[in-house]
S.K.: 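For reference, the structure I am asking about is given below.
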Number of protein chains: 2
Amino acid sequence: MAGSAGDLVRLVAKGHGRSRAELARLSGMAPSSVSLRVEELIDAGLLREDGEGASRGGRRPRQLRLHENAGVVVAVDVGTHHLRMAVLDLAGRVLLEHELPGDITEGPERVSERLLEHIRMTLRQATVEELPLLGVGMGMPGPVDPAAAKVIAPSRMPGWNEYPIGRRMSELLGVRVVVENDANLMAVGEHRYGWPDRDNLMAVKAGTGIGCGIIASGKLHRGRGAAGDISHVPVHVPEPVTCSCGHSDCLEAHASGAALRRTLRAQGIEVSSSRQLVELVNDGVPEVTTLVRNAGRLAGQVLTPLVNFFNPDVLVLGGGLSAAEPFVAAVRGAIYERCLPLATRDLEIATAVTGRDACMLGAGALVLDEVLASEWVDDTLSAR
Amino acid sequence: MAGSAGDLVRLVAKGHGRSRAELARLSGMAPSSVSLRVEELIDAGLLREDGEGASRGGRRPRQLRLHENAGVVVAVDVGTHHLRMAVLDLAGRVLLEHELPGDITEGPERVSERLLEHIRMTLRQATVEELPLLGVGMGMPGPVDPAAAKVIAPSRMPGWNEYPIGRRMSELLGVRVVVENDANLMAVGEHRYGWPDRDNLMAVKAGTGIGCGIIASGKLHRGRGAAGDISHVPVHVPEPVTCSCGHSDCLEAHASGAALRRTLRAQGIEVSSSRQLVELVNDGVPEVTTLVRNAGRLAGQVLTPLVNFFNPDVLVLGGGLSAAEPFVAAVRGAIYERCLPLATRDLEIATAVTGRDACMLGAGALVLDEVLASEWVDDTLSAR
DNA sequence: ACACGAAACTTCGATTCCGAACAAAGATGG
DNA sequence: CCATCTTTGTTCGGAATCGAAGTTTCGTGT
C-alpha cells in the first residue's frame, strides 16, 4: 500500500494501525520512515500517544490515536419525521448527540435552515467549542447524486428534487459537505462500527421506505448511482396495490412502513410512525403483528436472490421495522429457507449494531473518510 | 497508484499506460523515475518501444508495449463438451487457439491428462517454441474455490468434487495455475476485452447451466466464494420441475440449455448440444423458438431485481443461448419493462464481444494479472 | 534470577526518488 | 516561416526513504 502522511492517519482512524510497527506492516513503509512521519504528525497535533498496548511477545507497542483536539465533523441523518445530529471527533467517536422533530415535506429551505441553526448552536457548546469543524455528512431518505450533492427524483420529498442542498450547506458553513442516501450510509456505518473485518455487506433499511446499501470489498458500491434499490422489485401478493412507479406489486408498496400504515388505516387503526407501529407489535396487537411478519416475509423473498447473487458476509437489518422481532424472524426464515447452503453457510444476519444511529454514524464515517483523504492532512502538517 | 516496476508493467499490460508520460500520470511517480524504470524494463526484455503515437498537441509519445518474447500464458476453457485452449502473450493477444471435443463427465484424471498433452504439444509449435510458459488459467463450469484451485460441490461433474486440479496441473507443468468459475471468467474477459472502461459489469452465461459473473469497481467480485449464483432463484412458472437442489421452480431447471433439451426430448425432439439448439432456432423451428424465448423471459425476470440492485454499467449476455436472438430479445424486453428507469437509463445490454472465447480469454486475463502481480517481474528485472 | 528470543522502535549511512529546469519535437496561428 | 504554447522525455542536485544494525523492553523457559 502507498505511503504518505495521509495514509498513516487513515490507518489510525480506521483502527487498523494502532502502533508504529503495525503502521509499518500495513502501509508497507519502512519502520524508520513511519517513526519519522508519526513524530511529525504528533508535533502537528494530529496524532497522540495513548499509553501502551498488550505485548505480542516482545516490547509493548506505544499506542497511537487521533488527537481529539484536531477537529470534528458533524453527521446528520435527515429522516422523514426527524433530524438527528451528532458531532464526532476524527476517530469517529460521538461527542454530542441530538435529535429534533422535523418534517421533510416542509421542503429544503426550511429544513436546511433549521439544520444550520442547530449545527451552529451545537458547535458553540463547551465540549467542542474551540475545535475546528472539518466537514459535514448528510443522509437523505431518497436517491442521491453524491457528486452533485443533490437528491434526485425522490418520492415523498416535495421540493427536494435537484435542490443543491450540499452546495448550500457548504457555502453557509464554509466546509465540505457530503450527501448520501440513508441506506448507503447505514451500510457504511454498520461496516465501520459493527463489522469492520467483513468487507462484503448488505444493509437493508426498512422504515417508511425500503432501501439497501452495499459494501463491496470494503467500499460503498454505488453502481451508476442508483445501486441498492430494492423498493420496486415485484413480490408475490394476492392483492395489487398501486405504487408510485406505476406497477402494482412492488415490495415498497406492500412491505414498507408507509404501506403497512396505509393498510392499518383501512382497517381503522391509525398509526403515525414506524416507531408506533413497532410498539403495537410489541404490545401484541395481532393484526399488526401479522402484517409486520408478512412484510418481513416479502422482504426476505426479495432478498433471497440478492444474497445468492452478492454472497455477502453479513446482512444487516435496520430501520424502524427491524425493531420488530417478527419482521426480523420472517426475513431470516425466508432467507434460510430458500438461499443456497453455500450462500448462507457463513452468512451473518443481524440487526443494526448501531441501531437508530446507523445512518448518522455512516454519514460521519463517510465525511471522515473524505476529510482524511483530502489535502487537509498535508496542509495541517506543513502549517506547523 | 503505488509505484514499483510491477505497477508499470501492469499498466502497460492493461493498455492504460502507453507512454512514459502516461505512466507517470497514472502511477503517480515522477516522470524521471518512470523513465529510469522503463529503461530497466526494456533492458530486461519486458517492455519494448513500438513507434510513436499520435500527438496530443505537443511532442509525440514513444509508445510502449510488452515485449512479445517475454513469455506466454495458456488459457483453458473446460466446457461440458469441449476443451478450448489458447496461448496468449503478456499483452493478452492470442498467439494460438485450439479446440478439441471433450467430455467433462470422464472425470478429472482423464480430462487433465488430455489437457496436459495438448498444452505440451501446443507449446512445441514454432510460434511459441522458445518462449517461457509463465502460468495457466482454467475455467470450470461449476463452483470453484480459487484459493484451493478446486471445484466444489458441482452438479453434472462426477468425480470433480474437491479434486485438486490446480495443484496437479501446477506440479506437472511447473508453473502457477489459477482456476475459476466460467461465468466469473466470462465477466473478466468481457471487462478486459470488451468494456475496459466500464467498471461495474454483470456477465450472464446461459449455456448448459446458467451462471453470472460480477465485476465491481473493476475487480472480480467473489463474495464469500459463491457470488453470482443465479441458477436457483425461483421463477414464476405453471409447471414445476424438480431441480438438483430439491426445489421445483429454479431458474436453471426451467431456462438452462439442459432444461430446454429435456423439455424438447419429452416432445420427441432430440437435441445434443446448446449449439444445435440455437441452430434449430435460427432454422425457425417454432416449438424450439418459443421455448428459447420463454427461457429468455425467465432469465430476464430473475435479472431485473439484480440489475436494480447492482446497477451495473453493462449487462453482458454470453454462453450458448445468447447466440439465439429470441433469447436475447426476451431478456432485454423483460429488463426494460420492469427495471427502474434510473437503472436502465445508461445500461448497456450486449452479447459477449468475444463470443465463444469469452471464458477462455477471461482465464488468460486472470492468470496474466496474477503473473504480472507476482515476484516474476522483479525477478526478471534483477536477473539481467 | 538470568539468559535468550522476540517484538517495538531508533539511528545513520547508502540509495532511491522526486522535482525543477532543460531539451526535444510537434501543433497552432498569424 | 517564425514565435509561442504543449506535450514528451531527460538531466542532475537535494531531499526523502530505505534497510541493516543497534537499542529498548518485554515474554519465556530454566
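Per chain, numbering begins at 1; letters A, B, ... match sequence-line order. Here the structure is a predicted model, which means the values were calculated and not measured.
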S.K.: How many Å lie between CG on B:Asp378 and C1' on C:dT16, as a whole number?
M.R.: 15 Å
S.K.: Could you list the residues that satisfy side-chain hydrogen bond (donor to acceptor under 3.5 Å, both in side chains) with A:Asp89, not counting sequence neighbours?
M.R.: A:Arg93
S.K.: Atom CG of B:Leu23 and atom P of D:dG9: how far apart are they, to the nearest Å?
M.R.: 9 Å
S.K.: Any side-chain heavy atom of B:Val34 sitting closer than 4.5 Å to one from B:Arg37?
M.R.: no
S.K.: Could you tell me which residues satisfy side-chain contact (heavy atoms from CB on, under 4.5 Å) with A:Asp378, sequence neighbours excluded, listed by chain and number?
M.R.: A:Ala5
S.K.: Rounding to a whole Å, what distance do you find between B:Met29:CE and C:dG19:C1'?
M.R.: 14 Å
S.K.: Suppose we screen for side-chain hydrogen bond (donor to acceptor under 3.5 Å, both in side chains). Which residues come up paired with B:Glu162, at least two apart in sequence or across chains?
M.R.: none
S.K.: Sequence neighbours excluded, which residues qualify as side-chain contact (heavy atoms from CB on, under 4.5 Å) partners of B:Leu46?
M.R.: B:Leu41, B:Ala70, B:Trp376, B:Val377, B:Thr380
S.K.: Locate the shortest heavy-atom distance separating B:Asp346 from A:Arg224; write the atom from each residue and the value.
M.R.: CB-NE, 3.2 Å
S.K.: Which residues satisfy the side-chain contact (heavy atoms from CB on, under 4.5 Å) test with A:Ala226, sequence neighbours excluded?
M.R.: B:Asn311, B:Leu342
S.K.: Who passes side-chain contact (heavy atoms from CB on, under 4.5 Å) against A:Thr127, sequence neighbours left out?
M.R.: A:Leu96
S.K.: Quick one: side-chain hydrogen bond (donor to acceptor under 3.5 Å, both in side chains) partners of A:Arg345, sequence neighbours excluded?
M.R.: none
S.K.: My understanding is that only residues two or more places apart in sequence, or in another chain, count here; which of them pass side-chain hydrogen bond (donor to acceptor under 3.5 Å, both in side chains) with A:Arg62?
M.R.: A:Glu49
S.K.: Name the pairs: protein N/O against N/O of nucleotides 28-30 of chain D, kept only if under 3.5 Å.
M.R.:
none

S.K.: Tell me: CD of A:Glu52 to P of D:dG27, nearest whole Å?
M.R.: 10 Å
S.K.: In whole angstrom, give the distance that lies between atom CG of B:Leu47 and atom P of D:dG9.
M.R.: 13 Å
S.K.: Can you name the residues that form a ring-ring contact (aromatic ring centres under 6.0 Å, His included) with A:His191, not counting sequence neighbours?
M.R.: none
S.K.: What is the distance from CG of B:Asp50 to C1' of D:dT8, rounded to the nearest Å?
M.R.: 17 Å
S.K.: If we fit an axis to the first five pairs and another to the last five of the helix from C:dA1-D:dT30 to C:dG30-D:dC1, what angle do they make, to the nearest 10°?
M.R.: 30°
S.K.: Produce a footprint string for nucleotides 2-15 of chain C: one letter per nucleotide, 5' end first; B if the base is under 4.0 Å from any protein heavy atom, S if only the sugar-phosphate is, - if neither.
M.R.: ---BBBBSBB----
S.K.: With the side chain of B:Ala30 defined as its heavy atoms from C-beta on, choose the nearest nucleotide among C:dC18, D:dA16, D:dC26.
M.R.: C:dC18
